[in-house]
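This report concerns only the one structure given below.
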Amino acid sequence: MLRPMALEWEQIIVDSADPIALGRWWAKALGWVVVDESEEIIEIRREPDQMPGLLFVPVPEGKTSKNRLHPDFRPNDQEAEVARLLSLGARRADTVQDEQHWVTLLDPEGNEFCVLSERKS
């Protein structure tokens, strides 16, 4: 029987036109802290010693299509959280369907993420 490799999830890399600005935006949106920052990169985490983190790195090309991977968040109050994120600079995506239980938003560089409705008991 094969034993699984011991892997620790360190971070997710986010390609960005302006990594510092986008990383700071996500830190504010998530309530996370900056754990590393240089002129070109920024890493944020929930707590300094808690992984995984998000590492924002520069890329020369812009975003051209839908993300292949995006985060989903489940707040206590979907409507309030969507309003808060919009006030920070998120935008609503054009992908709205009837009866869906999530709201798709775009971060300042157009990366999709979803705010889910409250869990049903």
Side-chain angles (χ1 to χ4, degrees):
M1 180 172 184
L2 293 175
R3 294 174 52 179
M5 295 290 294
L7 294 175
E8 185 174 11
W9 184 359
E10 176 99 8
Q11 59 205 3
I12 292 177
I13 307 302
V14 181
D15 292 347
S16 175
D18 185 347
I20 304 304
L22 190 60
R24 288 181 182 157
W25 186 89
W26 275 104
K28 189 171 187 175
L30 296 172
W32 287 17
V33 296
V34 174
V35 296
D36 188 23
E37 182 175 344
S38 71
E39 288 184 19
E40 292 190 335
I41 63 131
I42 185 170
E43 183 180 1
I44 65 172
R45 296 183 189 166
R46 181 183 302 258
E47 299 289 337
D49 59 349
Q50 187 177 10
M51 293 185 280
L54 295 173
L55 178 65
F56 297 83
V57 300
V59 294
E61 69 278 356
K63 184 175 181 298
T64 59
S65 64
K66 181 180 176 199
N67 293 6
R68 299 288 300 244
L69 172 73
H70 76 261
D72 286 351
F73 301 101
R74 189 177 304 276
N76 292 333
D77 182 337
Q78 180 190 42
E79 186 176 332
E81 189 60 20
V82 167
R84 184 185 76 83
L85 292 163
L86 291 171
S87 76
L88 292 176
R91 302 180 319 274
R92 288 186 180 268
D94 293 334
T95 57
V96 177
Q97 300 172 353
D98 292 335
E99 303 297 321
Q100 68 187 26
H101 301 283
W102 65 89
V103 176
T104 303
L105 298 177
L106 306 173
D107 73 11
E109 289 198 10
N111 299 301
E112 298 90 0
F113 64 99
C114 292
V115 181
L116 307 175
S117 62
E118 298 77 22
R119 279 195 203 280
K120 304 295 182 208
S121 304

In terms of heavy-atom contacts, Ile20 and Ser38 come closest through CD1-O, 3.3 Å
*Can you find a heavy atom in the side chain of Ile12 that is under 4.5 Å from one in the side chain of Pro52?*
no
Scanning both residues in full, the closest heavy-atom pair of Trp25 with Leu88 reads NE1-O, 2.8 Å
So the side chain to side chain donor-acceptor pair (under 3.5 Å) pairs with at least one residue in residues 46-59 (sequence neighbours excluded) are none
Here the pair of heavy atoms bringing Pro108 nearest to Leu22 is CD-CD1, 3.9 Å
Grouping I, L, V, M, F, W and Y whenever their side-chain heavy atoms are under 4.5 Å apart, do Met51 and Leu30 come out in a common cluster? no
Taken in chain and number order and not counting sequence neighbours, the residues that satisfy salt bridge (charged side-chain N to carboxylate O under 4.0 Å, His left out) with Glu43 are Arg45
Sequence neighbours excluded, the answer for side-chain hydrogen bond (donor to acceptor under 3.5 Å, both in side chains) partners of Arg92 is none
Correct closest heavy-atom pair for Trp32 and Gly53 would be CZ3-CA, 4.4 Å
(message) Could you check, using the six-membered ring where one of them is a Trp, whether Trp26 and Phe113 have ring centers closer than 6.0 angstrom?
(response) yes
- Does Asp18 reach the main-chain N or O of Ala21 with its side chain, forming a donor-acceptor pair under 3.5 Å? yes
Contacts satisfying salt bridge (charged side-chain N to carboxylate O under 4.0 Å, His left out) that involve residues 22-41 (not counting sequence neighbours) are Arg24-Glu37
In terms of hydrophobic clusters joined by side-chain contacts under 4.5 Å, are Leu54 and Leu105 together? yes
Got a list of side-chain donor-acceptor pairs under 3.5 Å for residues 78-85, not counting sequence neighbours?
unit_1	atom_1	unit_2	atom_2	d
Gln78	NE2	Val115	O	2.9
Glu81	OE1	Arg84	NE	3.2
Glu81	OE2	Arg84	NE	3.1
Glu81	OE2	Arg84	NH2	2.5
Arg84	NH2	Ala29	O	2.5

So the salt bridge (charged side-chain N to carboxylate O under 4.0 Å, His left out) pairs with at least one residue in residues 53-75 (sequence neighbours excluded) are Lys63-Glu112
Contacts of Val57 meeting side chain to side chain contact (heavy atoms under 4.5 Å, CB included) (sequence neighbours excluded), chain-then-number -> Ile13, Asp15, Ile41, Leu55
Students should find that the hydrophobic cluster of Leu69, defined by side-chain heavy atoms under 4.5 Å apart, otherwise consists of none
The complete set of side chain to side chain donor-acceptor pair (under 3.5 Å) pairs with one or both residues in residues 5-14, sequence neighbours excluded, reads none
Contacts of Asn111 meeting side-chain hydrogen bond (donor to acceptor under 3.5 Å, both in side chains) (sequence neighbours excluded), chain-then-number -> Asp107
